[in-house]
Amino acid sequence: MPPPRHTRPKFVLFGASMTEYSFSQGGWGAGLANIYCRKADIVLRGFRGWNTRRAIEEMKKIFPEDAEEQPDLVVVFFGANDAAFAMPSGQGQHVPLSEFEDNLCRIATYLQGLSDKTRVILTTPPPIYEAARLEYGRQKYGEQAANYLDRSNERAGKYAAACRSAAQKVGAGNIDLWTSIQQQPNWFTTCLT
């Protein structure tokens with residue numbers, strides 16, 4: 001008879017670049033790993049550039065139904081890319097608002113169905129500080145930088161509302177970053193990079 005396995009709860013962070021970079025120094029994923037040190041395993045599944053469409057395409061590979069061990073908690077953090085303005089070519093990261101909400105419901109429902117213990121938290125996209133986003137583009141691309149925004153705070157707010165609605169529909173938890181960040185003094189410099 002094999003010895004009993006020592007297992008800890010498994011928390012998976014599933015999202016786009018803000019999840020991918022969360023283990024950077026001072027990042028929110030690194031903070032969770034520190035807080036839950038010796039209490040839970042924090043697993044990173046963040047993918048720069050992804051939106052909810054891509055997440056649905058890949059989620060069964062990332063979270064197979066027949067896995068020996070299922071996560072206890074999945075923090076889902078998509079929306080910033082989904083909320084980008086549509087490109088004239090039809091390419092890009094944009095996902096229409098109603099599809100975004102439906103996609104979050106599909107993702108959460110699938111994850112909740114992995115096991116009786118699996119819980120899901122849907123995280124809203126954060127606010128957009130438009131002046132800094134324009135400046136970042138100019139610094140990164142110089143004269144080739146667009147003179148228009150690819151996203152706006154107003155639009156991010158609509159996607160945040162859709163995320164809150166999806167969480168309520170499927171009985172998932174919700175972290176409302178869009179609202180809570182903007183309640184902080186000087187949020188555009190103290191909460192965002």
Can you tell me how far the [atom1] atom of [X] sits from the [atom2] atom of [Y], to the nearest 0.5 Å?
| X | Y | atom1 | atom2 | result |
| --- | --- | --- | --- | --- |
| Glu69 | Asp41 | CD | CG | 7.5 Å |
| Tyr129 | Asn186 | OH | CG | 9.5 Å |
| Gln93 | Met87 | CD | CE | 9.0 Å |
| Leu44 | Leu13 | CG | CG | 6.0 Å |
| Gln70 | Asp116 | CD | CG | 11.0 Å |
| Phe78 | Leu122 | CZ | CG | 10.5 Å |

I'd like to check [X] versus [Y] (side-chain heavy atoms, cut-off strictly below 4.5 Å). Are they in contact?
| X | Y | result |
| --- | --- | --- |
| Asn153 | Trp178 | yes |
| Trp187 | Ser180 | no |
| Thr19 | Trp28 | yes |
| Arg45 | Glu58 | no |
| Phe63 | Leu111 | yes |
| Pro9 | Leu73 | no |
| Leu114 | Pro71 | yes |
| Arg8 | Arg38 | yes |

Non-hydrogen atoms of [X] and [Y] that approach each other most closely:
| X | Y | value |
| --- | --- | --- |
| Ser152 | Ile128 | O-CG1, 3.7 Å |
| Ala167 | Asn174 | CB-CB, 3.8 Å |
| Pro96 | Arg53 | CD-NH2, 3.5 Å |
| Ala16 | Asn81 | CB-ND2, 3.5 Å |
| Gly79 | Pro125 | C-CB, 3.8 Å |
| Ala55 | Ile107 | CB-CD1, 3.9 Å |

key: Donor-acceptor contact present, side-chain Arg151 to main-chain Ala156, <3.5 Å   =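 Looks like no, no N/O pair under 3.5 Å.
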message = Could you check whether any side-chain N or O of Asp72 sits under 3.5 Å from a backbone N or O of Lys10, counting only pairs where one atom can act as donor and the other as acceptor?
response =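 At least one qualifying donor-acceptor pair exists.
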ask   = Do Phe100 and Tyr159 have ring centres separated by under 6.0 Å?
value =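 Yes - the distance between ring centres of Phe100 and Tyr159 falls below the 6.0 Å cut-off.
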task = With Phe11 as reference, evaluate Val43, Ile121, Ile42, Leu32 under the side-chain contact (heavy atoms from CB on, under 4.5 Å) test and give the passing residue.
result =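 Considering Val43, Ile121, Ile42, Leu32, a side-chain contact (heavy atoms from CB on, under 4.5 Å) with Phe11 is found only for Ile42.
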Result of checking Leu104, Asp176, Val76 against Cys163 for side-chain contact (heavy atoms from CB on, under 4.5 Å) =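 Between Cys163 and the candidates, side-chain contact (heavy atoms from CB on, under 4.5 Å) is satisfied uniquely by Leu104.
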message = A quick test of your reading: do over 12 heavy atoms of other residues, nucleotides or ligands sit less than 6.0 Å from CD of Glu130?
response =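 More than 12 within 6.0 Å, yes.
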ask   = Within a reach of under 6.0 Å around CZ of Phe85, are more than 12 heavy atoms found that belong to other residues, nucleotides or ligands?
value =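 Yes, enclosed.
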Within one Ile-Leu-Val-Met-Phe-Trp-Tyr cluster: [X] and [Y], side-chain cutoff 4.5 Å:
| X | Y | answer |
| --- | --- | --- |
| Val75 | Ile62 | no |
| Phe188 | Leu177 | yes |
| Trp50 | Val120 | yes |
| Val12 | Ile35 | no |
| Phe77 | Ile175 | yes |

task = Could you give me the CA-CA distance, side-chain angles and deciding distance for Arg164 and Gln168, then say whether side chain to side chain contact (heavy atoms under 4.5 Å, CB included) is met?
result = CA-CA 6 Å; Arg164 291 189 301 269; Gln168 186 174 21; over 6 Å; no
message = Under 3.5 Å, is there a donor on one side chain and an acceptor on the other for Glu101 and Ser165?
response =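 Judged by distance alone, the side chains do pair up.
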request  = Any chance you could lay out the side chain to side chain contact (heavy atoms under 4.5 Å, CB included) test for Tyr110 and Lys60, step after step, and finish with the verdict?
outcome  = CA-CA 9 Å; Tyr110 175 79; Lys60 290 183 180 181; 3.6 Å; yes
key: From CA spacing to verdict: side chain to side chain contact (heavy atoms under 4.5 Å, CB included), Arg106, Thr52   = CA-CA 10 Å; Arg106 288 178 60 194; Thr52 54; over 6 Å; no
request  = Start with the C-alpha gap between Phe47 and Arg54, add the side-chain angles, then the distance that decides, and say whether side chain to side chain contact (heavy atoms under 4.5 Å, CB included) holds.
outcome  = CA-CA 10 Å; Phe47 306 95; Arg54 184 70 191 274; over 6 Å; no
